[in-house]
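Protein chains get the first letters and strands the later ones, always in sequence-line order, with residue 1 at the start of each.
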4 protein chains.
Amino acid sequence: MRAKNSGSKQGAAPAADRTFTEAARRAQIVDAAIEVIAEVGYAKASFSRIARQAGLSSTGMISYHFAGKDDLMREVVAEVMRVADAYMRPRIEAHATAPERLRAHIESNLALLDVYPKHLHAMVEVLTGVRGESPSAREFTAATDAMLDTLINAVRTAQEAGEFGEFDPATMVYALRGAIDALVMRAAHDPDFDAAAHGRRLADLFDRATRRTP
Amino acid sequence: MRAKNSGSKQGAAPAADRTFTEAARRAQIVDAAIEVIAEVGYAKASFSRIARQAGLSSTGMISYHFAGKDDLMREVVAEVMRVADAYMRPRIEAHATAPERLRAHIESNLALLDVYPKHLHAMVEVLTGVRGESPSAREFTAATDAMLDTLINAVRTAQEAGEFGEFDPATMVYALRGAIDALVMRAAHDPDFDAAAHGRRLADLFDRATRRTP
Amino acid sequence: MRAKNSGSKQGAAPAADRTFTEAARRAQIVDAAIEVIAEVGYAKASFSRIARQAGLSSTGMISYHFAGKDDLMREVVAEVMRVADAYMRPRIEAHATAPERLRAHIESNLALLDVYPKHLHAMVEVLTGVRGESPSAREFTAATDAMLDTLINAVRTAQEAGEFGEFDPATMVYALRGAIDALVMRAAHDPDFDAAAHGRRLADLFDRATRRTP
Amino acid sequence: MRAKNSGSKQGAAPAADRTFTEAARRAQIVDAAIEVIAEVGYAKASFSRIARQAGLSSTGMISYHFAGKDDLMREVVAEVMRVADAYMRPRIEAHATAPERLRAHIESNLALLDVYPKHLHAMVEVLTGVRGESPSAREFTAATDAMLDTLINAVRTAQEAGEFGEFDPATMVYALRGAIDALVMRAAHDPDFDAAAHGRRLADLFDRATRRTP
DNA sequence: CATGAATGAGTGTTCATTCAT
DNA sequence: TATGAATGAACACTCATTCAT
């Protein structure tokens, strides 16, 4: 076993336990992976293609820096989540009421498609492509579920505070997640896709669905 | 337990027997493919695994009955669509008003998860897994888009007739599709998933989102 | 990772060593391919057999160094042509008159059978075995035709200069090529084949056929 | 062992030992094989393709009528040789002197390309494609060698009778065979190939090569 | 006689991963 | 720390042949 552990990247000492060049190489490979996955899909995103995209001469380089394909994919998802969080969180927290925050969540999520056109697509590809008994598969679903649960709880709290109407928070959050992912995939294939417009309309839709009835 | 052959049961002629045997084998393989895809995902659903599941001794048998992997996947999708249509259509057409039909669409779609627990899952796997330049890839997206367009037009017509409130039909249909697919995938991994309940709640959600405002 | 380019053997730089190793493997595989093709024919010269002959543990190794079977066959033909050219050209150019050069061409070509007993055989096998729509098929016929055209033109020029008698240069060159190839195949199966003698006699034959009539 | 023996076709009772329908089926399959081999080459002439060409629904039919691929190929070569003999023999025997007969041999052989455009091509394909330890391989070379030996002896006899000049009969016959085969292959790929003209010119060439010197 | 379904070895090729240097 | 050569399993697919009916 040669490659370093991978999970311990965020936290208090991000660069302490690996050198600068190592981190740079990893970032370079992750970026290349995102590019390739968005372009050809998870299934065809082989180490060869990623290495070529990254300007590396051999796939050994990737295996050297990542414990395996799973590990690289974990990093890809983590990177996209980091980017998405950095973009969406301030835009959401800029609002005070729950309906406004919900709208900000939806619209900023779709706005990401214009800022990083490949990131969301790559992540959806990975999340739907990684399957089965692999360690990262379980990890992915666990992480996703955790995120969704957080969202569900926030919605439920707002609902109990009278900010939303009557609906099942879990169903609503699952539906929202699915709706956004579907639009992400649609954007990937449709060059005329208007992300901002779809964001607005999707927000309208969920606003109507969750609004308090007078 | 499902019917092997797919219609076309003409008289007792000797030639019908040959066709029947062939159709039975194909159906058997398609069933095995659905099983395997639902279990391990599209990417890992190799001919070997499908052959083993079908009780065949070699992968050559599958190549013998299907022109290629694409052809088999086409058949898988076609079979699921056939089953889904047979189940959903009468349940939808039993209702007269657009909102009722929308609810019937959503609830019968999720009810399918109880009747054929693997079918929808397999189809979603195939549709998201088949990618790129392959002939079936273009065919799948074309077919899916056509189906969605039909739905969009039906919604728009109903909307113009005053049966729905104000919203963008395309966005709504894309969202609905994504929401259902997300629940399908969720059902696949969560043994406690209550399909009927989620169907009801999702229908509630979209009912609120599309209802005429008084 | 695809196969590297093949011709570039630059100076003594450290990078030359890597290239050298790669080139050595490629040459080893090409040699093994020539051996196998000469032994069992083009049709049965599978990667398995070539790998075994080359002492490699897997066919993947060949795919690693060559872009595909076509690429390997291209290299086999190129190698034989390189060897043949190196051997024949000086022997042909040592003579001044066209009849002498024709004789030198024929005799040196057959003499090659003693120097490299398998090379010509392998090349003829490949050139007759590669067929149809493959890229190398077209390339081979194009290259062969170009070579023959060059020869035809040289013969025609000499003929117009009065060095040969009256005959159709194209027919003569095609006949010569076919005759030599037939002897190559004959040599492959007949252990008593006397290449030098046949070379002399074939040269005699074509000398009589092309000689100026007094 | 189910298929009938195949060698015993010519002779006194050609249809005695197999029924009419059986013979018709065999002829039909041989014709289809010639067609396919000429079209796609020996290597790609699979039983599937031949069955399809023959209008048969399964390859089992071919295996039923022929002991194996070798057997079918033997029959293909035999059929072409039968046709070639029927066409060439009278045209050769119409002449009295050896040089005239040689010319008739060459010209009628190339004329066959116009009468049966696929037959010679198919035969050359089979003779160059069948290789190695197979029973038919040895049989083919034996048959070919016998034919060539007959020709060589005829030439030698004529030569000793003073009808030809000085040259090695074996070399000349091998060269002639190779030259004709090369033109056959050339005709197969060049739609503008003028068989009669090439026949005349090749006859001219060998006439000059074998003529008595005054 | 004839068939079509089945077989199983074999094809070239791709892949993530390993390891000596 | 980095590399590129090597590995071996897996992939979809084709083939000639067999055999119960």
Side-chain angles (χ1 to χ4, degrees), chain A residues 1-4 18-19 21-22 25 43-51 56-72, chain B residues 14-15 17-19 21-22 24-25 43-51 56-72, chain C residues 1-2 4 15 17-19 21-22 24-25 43-51 56-72, chain D residues 1-3 19 21-22 25 43-51 56-72:
Chain A
M1 202 61 21
R2 246 162 317 102
K4 311 298 192 295
R18 62 169 55 96
T19 73
T21 53
E22 159 116 22
R25 268 269 185 275
K44 305 208 149 185
S46 66
F47 276 19
S48 311
R49 245 189 253 247
I50 295 171
L56 301 174
S57 59
S58 94
T59 69
M61 192 76 264
I62 301 177
S63 287
Y64 178 76
H65 283 290
F66 294 88
K69 198 173 191 185
D70 267 20
D71 188 30
L72 172 56
Chain B
D17 190 52
R18 289 187 245 128
T19 305
T21 312
E22 160 92 23
R25 262 277 178 270
K44 306 211 145 187
S46 67
F47 274 18
S48 316
R49 244 188 256 249
I50 295 171
L56 302 174
S57 61
S58 81
T59 71
M61 198 70 266
I62 301 177
S63 290
Y64 176 76
H65 284 288
F66 295 88
K69 198 172 193 183
D70 265 23
D71 189 32
L72 173 55
Chain C
M1 209 58 13
R2 204 69 47 63
K4 312 299 193 297
D17 189 52
R18 289 186 247 129
T19 305
T21 313
E22 159 93 23
R25 263 277 179 269
K44 307 211 144 186
S46 66
F47 274 20
S48 316
R49 244 188 257 249
I50 295 171
L56 302 173
S57 60
S58 82
T59 70
M61 197 70 263
I62 301 177
S63 289
Y64 176 76
H65 284 289
F66 295 88
K69 197 172 193 183
D70 266 23
D71 189 32
L72 173 55
Chain D
M1 198 67 12
R2 244 163 320 101
T19 74
T21 52
E22 159 117 21
R25 268 268 186 277
K44 305 207 149 185
S46 66
F47 275 17
S48 313
R49 247 191 252 247
I50 294 171
L56 302 173
S57 59
S58 92
T59 69
M61 194 74 265
I62 302 178
S63 287
Y64 177 75
H65 283 290
F66 295 89
K69 197 171 192 185
D70 268 20
D71 189 30
L72 172 55

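- As rounded to whole Å, 14 Å separates atom P of F:dT18 from atom CD1 of D:I62.
- When all heavy atoms are compared, the tightest approach of D:S63 to D:F47 is OG-CE2, 3.7 Å.
- Pairing each heavy atom of D:R49 with each of D:K44, the nearest pair is NE-O, 3.2 Å.
- When side chains are defined from C-beta on, A:L56 counts as touching A:R25, because their heavy atoms get closer than 4.5 Å.
- Between the CG atom of A:L56 and the C1' atom of F:dA5 there is a distance of 17 Å, rounded to whole Å.
- For the helix from E:dA2-F:dT21 to E:dT21-F:dA2, the terminal axes (five pairs an end, C1' atoms, rotation from four pairs onto the next four) enclose an angle of 20°, given to 10 degrees.
- The shortest distance between side-chain heavy atoms of B:I50 and B:L72 falls below 4.5 Å.
- Comparing E:dA5, E:dT7, E:dT3 by their closest approach to the side chain of D:S57 singles out E:dT3.
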Mark up nucleotides 10-16 of chain F, 5' to 3', with B wherever a protein heavy atom is under 4.0 angstrom from a base atom, S wherever such an atom reaches only the sugar-phosphate, and - elsewhere.
-SSBBSS
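- At E:dT7, none of the side-chain N or O atoms of B:S58 fall inside 4.0 Å of OP1 or OP2 (strictly under the cut-off).
- Residue B:H65 places no side-chain N or O under 4.0 Å from the OP1 or OP2 atom of E:dG4.
- With rounding to whole Å, A:I50 atom CD1 is found 14 Å from E:dT14 atom C1'.
- Looking at every heavy atom in both residues, B:A51 comes nearest to B:I62 through N-CD1, 3.7 Å.
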